[in-house]
There are 2 protein chains.
Amino acid sequence: MSLPHAILTALLEKPSSGLELTRRFDKSIGYFWSATHQQIYRELGRLEQAGHIRALPSGQPGRGQRKEYEVLPAGRTELASWVAGREDPRPVRDPLLLRMRAAAVVGSPGLGDELRRHLELHRRQLAEYTGIEERDFSDPDLAEQDRMRHLVLRAGIDLETFWTTWLARALSELGEE
Amino acid sequence: MSLPHAILTALLEKPSSGLELTRRFDKSIGYFWSATHQQIYRELGRLEQAGHIRALPSGQPGRGQRKEYEVLPAGRTELASWVAGREDPRPVRDPLLLRMRAAAVVGSPGLGDELRRHLELHRRQLAEYTGIEERDFSDPDLAEQDRMRHLVLRAGIDLETFWTTWLARALSELGEE
DNA sequence: TCACACATGTAATTTGTTACATGATTTA
DNA sequence: TAAATCATGTAACAAATTACATGTGTGA
């Protein structure tokens, strides 16, 4: 039940059309909750029907016509009660770790290349995050809201740091560095 | 496409019945690829139909009767080619980070309690992993297979370490420690 | 006017979750 | 013999993924 709440959060930060949301889910929000445009359009329809958001009035609605949404009070209430609730951490589900475990059983030609490829991808993501941190959060005096956003970004940075460190170690221990 | 490969890996490590697999997915394999018994039974059916596994011959088969599976050569081949392939890291999807971002918008009464609860859960998981490490991987001379399994466990330890560190930091920065 | 980017959607399939149903075996 | 546990399964639904379809506006 996270996608609708991700969309409500994004729309509260800034009313948007479906395509704009899709772009924002390719960065920012998408850094911790990814979604494709198909998911987003479907969910926008559901949220509108539930009375949690509404389309801003515009000239002529229809296919191919931009449609911008804003959050209604009911949507804000729903989001607040979701935030206040409980939800256990999800168990990890990582295909690369699974593949390494499988490689221990059936052998692993070429696994080193794959680990190097992932290492490079994670290094890039890390560089992007630290760039954002310098740009947006270098001021030490932040409002509570921005301290929270900074913490979320920090989680992204720390996670990418974990991956780069772990992958480098894996390559070294497998004699593949 | 990871679940069938997780099951093939588990069955290669040790032929098992559906319920045994379910238990093993509650630990070990499940530490990086979780699955419920419904998913497992469905997937066992598919794998059997695809000729990747077979049920070991037994007395009288049927509902309520234990049914043990082993991997066929075709299954091993399939697993090996999946391991040798490419697969990009998945984008992160974490509800807690999303909730924190939402809390920055709609407020966050009680978020501190939830963070403390998660911190405690991650500490326990971390303790379980380090216990396994001491029990199973304290010998410095490991075969390649065991070095790989150790690396996978190490990823679990490092991930839980990340969470405990990040959560403690979050509590402290939000003045909730 | 034609290609391209913008923009919104549908359809089909797979994967994951939740709830329930059924039979066999053990043991109090 | 009744309850608990072991064991396998079905059904219904929700979420995510992949591929495709359709219309609008703009500038070369």
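We name chains A, B, ... by the order of the sequence lines, and we start the count at 1 in each one.
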**Parallel, tilted or perpendicular: ring planes of B/His37 versus B/Tyr41, cut at 30 and 60 degrees** = perpendicular
**Prompt:** Does any donor-acceptor pair link the side chain of A/Arg90 with the base of C/dG16 at a separation under 3.5 Å?
**Reply:** no
**Message:** Check the phosphate of C/dT18 against B/Thr36, side-chain N and O only, distance under 4.0 Å to OP1 or OP2. Yes or no?
**Reply:** no
**Message:** Just by distance, no angles: are the side chains of A/Arg101 and B/Ser28 close enough, under 3.5 Å, to form a donor-acceptor pair?
**Reply:** yes
**Request:** Please report, rounded to the nearest Å, how far the P atom of C/dT26 is from the CD atom of B/Gln65.
**Result:** 10 Å
**Prompt:** What is the distance, rounded to the nearest whole Å, between atom CG of A/Leu44 and atom P of C/dG9?
**Reply:** 8 Å
**Request:** Take the protein atom CZ of B/Arg42 and the nucleotide atom P of D/dA11, then report the distance between them rounded to whole Å.
**Result:** 13 Å
**Fill in**
Regarding the side chain of A/Arg23, the nearest nucleotide among D/dT8, D/dG9, C/dA7 is C/dA7
**Message:** Considering every strand and a 4.0 Å limit on heavy-atom distances, what is the contact class for A/Thr22: base, sugar-phosphate, or nothing?
**Reply:** nothing
**Asked** Any side-chain N or O of A/Tyr41 under 4.0 Å from OP1/OP2 of C/dG9?
**Response** no
**Salt-bridge contact B/Glu70-B/Arg54 (side-chain N to carboxylate O under 4.0 Å)** = yes
**Message:** In whole Å, I'd like the distance from the CG atom of B/Leu47 to the P atom of D/dG9.
**Reply:** 14 Å
**Prompt:** Is the A/Tyr129 ring parallel, tilted or perpendicular to the A/Tyr31 ring (thresholds 30°, 60°)?
**Reply:** perpendicular
**Request:** Measure from NZ on A/Lys67 to P on D/dT22 and round the result to the nearest Å.
**Result:** 19 Å
**Message:** Judged by each residue's nearest nucleotide on DNA chain D, which is more toward the 5′ side, A/Glu43 or A/His37?
**Reply:** A/Glu43
**Atom-to-atom span, CG of B/Leu56 to P of D/dT8 - whole angstrom** = 12 Å
**Message:** Can you measure A/Arg93 atom CZ to D/dA15 atom P for me and round it to whole angstrom units?
**Reply:** 15 Å
**Asked** Closer than 4.0 Å, any side-chain N/O of A/Arg66 to the OP1 or OP2 of D/dG25?
**Response** no
**Asked** In terms of side-chain geometry, is the basic nitrogen of B/Asp158 or B/Arg154 positioned less than 4.0 Å from the acidic oxygen of its partner?
**Response** yes
**Prompt:** Just how far, in rounded Å, is P of D/dT22 from CD of A/Gln38?
**Reply:** 16 Å
